[in-house]
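In this text, all values refer to a predicted model and were calculated from it rather than measured experimentally. Chain letters run A, B, ... following the sequence lines, proteins first and then strands; every chain starts at 1.
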2 protein chains.
Amino acid sequence: VTHIADFFGTSKQRLLPAGQTLFNEGDSADGCMYVLLEGSVALLRQGRLLERVDREGVVFGELALIDSLPRSATAQAEEDSRVAVIGRERFRELTLRNPSFALEMMALLARRLRASQPA
Amino acid sequence: VTHIADFFGTSKQRLLPAGQTLFNEGDSADGCMYVLLEGSVALLRQGRLLERVDREGVVFGELALIDSLPRSATAQAEEDSRVAVIGRERFRELTLRNPSFALEMMALLARRLRASQPA
């Protein structure tokens, strides 16, 4: 979903030095999701690697933004990284203005759901 | 997500006698999702109950519509049931016209994703 990055050109950015944790499994929702702009971020659950986010434009941390429940995984930079920060208001605005953004988000959730299911 | 049913008033409907299978795990995607209007439908993977859909307005079968991959579960009526059938075109139309529909769909996918994750 590299092209999803097109929606995030003007967003707030955050720099993550290698090793830094962006959020921890169990943290209460902070109303943000993230888009990788540069680098590599590991998503971990109970220390186990769920997914390595290392392509520009990949969204992560969207679950807690959507349902406001605690973080289901830990996100930790594997190298110096840069992410766009998308807050709840910006997310709603993107959904309202760009149906293709909504369809991309659904496709992303569907992919994660398939990946979470044992074969 | 009972209120999601408001979007489906004029959709095509299908009657499912008790015991009838709507789709089978592994079936190629037929471009449809379903909304329960009446009755009870079991979602099964490899014979194991994943979810019982027994509240009016609950959407199921959305994954194969979104990503066009084979059915990830079997849907079988547990009693005489009635469902609304939502094809791909109608789904796109609903997403384009109703941002709140898109947000509901994301919330549904997020809930299923949470439920699929071991605690």
Approximate separation, where rounding is to 0.5 Å, of [X] [atom1] and [Y] [atom2]:
X: A/Thr95; Y: B/Phe101; atom1: OG1; atom2: CZ; result: 13.0 Å
X: B/Arg111; Y: A/Leu113; atom1: CZ; atom2: CG; result: 12.0 Å
X: A/Met106; Y: B/Glu62; atom1: CE; atom2: CD; result: 10.5 Å

Is any residue of residues 69-81 of chain A within less than 4.5 Å of chain B by heavy atoms, and which ones?
A/Leu69, A/Pro70, A/Arg71, A/Ser72
For B/Leu103 and A/Arg92, which heavy atoms make the closest approach, and how far apart are they?
CD1-NH1, 3.6 Å
For the residue pair B/Ile66 and A/Ala110, what are the closest heavy atoms and their distance?
CG2-CB, 3.9 Å
Examine whether an atom of B/Leu96 lies under 4.5 Å from a heavy atom of chain A, and if so say whether it belongs to the side chain, the backbone or both; otherwise answer neither.
both
Taking side chain as everything from C-beta outward and backbone as N, CA, C, O, which of these in B/Arg97 sits under 4.5 Å from a heavy atom of chain A? Side chain, backbone, both or neither.
neither
Taking a hydrophobic cluster as the set of Ile, Leu, Val, Met, Phe, Trp and Tyr residues connected by side-chain heavy atoms closer than 4.5 Å, whether directly or through intermediates, do B/Val53 and B/Leu44 fall within one such cluster?
no
Under 4.0 Å between a side-chain nitrogen and a carboxylate oxygen: does that hold for A/Arg114 and B/Asp67?
yes
What part of A/Leu63 lies closer than 4.5 angstrom to a heavy atom of chain B: side chain, backbone, both or neither?
both
